[in-house]
Amino acid sequence: CFFTFSTRLEDLRVKLENEGLVNISYVVVNHQGTYSQRKFHLLKESVSDYITVYQQDEQQADVWTTLNGNKDDFLIYDRCGRLVYHLGLPYSFLSFQYVEESIKIAYCENKCGNCSYVEPEIDGICENITKKADEKLAEIEPKPTGQHSHHHNLHRHRQHH
């Protein structure tokens, strides 16, 4: 279980970095229970040095309770520290696209206006991501089959900046 999760998380981290999404912090929060604490070293060894593994102390308030989440959730924050997405099961399975897409949206969308944390090259990276997403959407868009068929356009709303 550790190996599958850590491999998929590392694969996602590398994929996003190769697409130009850099300076993203990844943190895995280990469960507070005794079993999880004993297996902490296995979890830590199963992820790369680019992914932080946080060990909760048994005496502290549980991080997941504080964040209104569960142990398999993904919490995605923007560069200003605001929670953008909270994904629970089954949406947090890394075999699906929800986590990846949520990270991309949090990375690219500028919900609060001008941001001092945005680097100039981010706009180009995010334009490419949006273009690829729109191309994928066009591939799956239904084609009219007859004279009386109705064609429904799929719309993707993204904020360009």
Side-chain angles (χ1 to χ4, degrees), residues 1-37 39-40 42-56 60-112 115 117-118 122-123 125-142 152-161:
C1 185
F2 287 142
F3 182 73
T4 302
F5 167 77
S6 60
T7 301
R8 286 194 174 144
L9 185 58
E10 181 63 17
D11 289 347
L12 176 60
R13 185 195 69 75
V14 169
K15 178 181 182 198
L16 293 175
E17 191 171 287
N18 287 338
E19 290 180 12
L21 280 72
V22 295
N23 297 325
I24 297 176
S25 298
Y26 298 85
V27 179
V28 176
V29 177
N30 194 30
H31 191 265
Q32 230 176 353
T34 306
Y35 177 78
S36 295
Q37 287 197 346
K39 299 293 184 181
F40 174 74
L42 293 174
L43 178 59
K44 184 130 177 79
E45 291 168 6
S46 71
V47 296
S48 75
D49 291 338
Y50 297 102
I51 300 172
T52 302
V53 180
Y54 177 73
Q55 175 61 57
Q56 298 187 72
Q60 78 181 75
D62 178 48
V63 169
W64 292 113
T65 302
T66 303
L67 298 173
N68 294 319
N70 295 304
K71 76 173 191 67
D72 293 318
D73 291 358
F74 270 84
L75 299 156
I76 315 243
Y77 293 87
D78 66 11
R79 61 183 53 86
C80 297
R82 291 181 301 255
L83 179 64
V84 179
Y85 290 100
H86 181 163
L87 303 173
L89 291 174
Y91 304 102
S92 60
F93 285 129
L94 290 171
S95 53
F96 297 137
Q97 295 292 309
Y98 301 109
V99 173
E100 178 180 343
E101 291 301 316
S102 298
I103 291 171
K104 287 178 179 180
I105 291 167
Y107 193 92
C108 290
E109 286 195 355
N110 218 356
K111 292 186 183 269
C112 60
C115 181
Y117 297 113
V118 176
I122 289 177
D123 283 338
I125 292 165
C126 291
E127 265 183 42
N128 286 339
I129 288 170
T130 302
K131 191 169 131 182
K132 286 178 188 173
D134 289 343
E135 287 170 1
K136 280 185 190 175
L137 202 54
E139 287 174 13
I140 62 168
E141 194 171 68
H152 299 280
N153 286 322
L154 299 173
H155 297 281
R156 177 182 289 281
H157 297 282
R158 285 210 194 261
Q159 180 176 349
H160 295 281
H161 50 273

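When a residue number appears, it is its place in the shown sequence, counting from 1.
Under a cut-off of 6.0 angstrom, the local environment of OH in Tyr77 is crowded, with over 12 non-hydrogen atoms contributed by other residues, nucleotides or ligands.
Formation of a donor-acceptor pair under 3.5 Å by the Asp73 side chain with backbone atoms of Asn70 is found in this model. Judged purely by atom type and a 3.5 angstrom limit, Gln56 uses its side chain to pair as donor or acceptor with the backbone of Asn30.
A 4.5 Å side-chain heavy-atom check between Phe5 and Val28 finds at least one atom pair inside the cut-off.
Here the shortest heavy-atom pairing between Tyr107 and Gly20 reads OH-O, 3.7 Å. Closest non-hydrogen pair, Leu43 versus Ser46, comes out as O-OG, 2.8 Å. Taking every heavy atom of both residues into account, Asp62 and Thr65 meet most closely at OD2-OG1, 2.9 Å. Between Phe96 and Pro90, the shortest heavy-atom distance links the atoms CD1-O, 3.4 Å. Ser48 and Arg13 make their closest contact through OG-NE, 4.0 Å (heavy atoms, listed as atom of the first residue, atom of the second, distance). Gln55 and Gln37 make their closest contact through NE2-CG, 3.1 Å (heavy atoms, listed as atom of the first residue, atom of the second, distance).
Between Ser102 atom OG and His86 atom NE2 the span is 11.5 Å, to the nearest 0.5 Å. From Gln97, atom CD reaches atom NZ of Lys104 across 7.0 Å, with rounding to the nearest 0.5 Å. In this structure, Gln32 CD and Trp64 CH2 are separated by 12.0 Å, a value rounded to the nearest 0.5 Å. The distance from the SG atom of Cys108 to the CG atom of Leu21 is 5.5 Å, given to the nearest 0.5 Å. With rounding to the nearest 0.5 angstrom, the CG atom of Asp11 is 11.0 Å from the CG atom of Leu16. Between the CD1 atom in Ile76 and the CD1 atom in Ile105 there is a gap of 9.5 Å [rounded to 0.5 Å].
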* To do: For the pair Ile103 and Phe74, evaluate side-chain contact (heavy atoms from CB on, under 4.5 Å) and give the outcome as yes or no after the intermediate values.
  => CA-CA 10 Å; Ile103 291 171; Phe74 270 84; 5.9 Å; no
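When each of Leu87, Val27, Leu83, Val63 is checked for a side-chain contact (heavy atoms from CB on, under 4.5 Å) with Leu75, only Leu83 meets the rule.
The aromatic rings of Tyr98 and Tyr91 sit perpendicular to each other, their planes meeting at more than 60°, with 30° as the lower class boundary.
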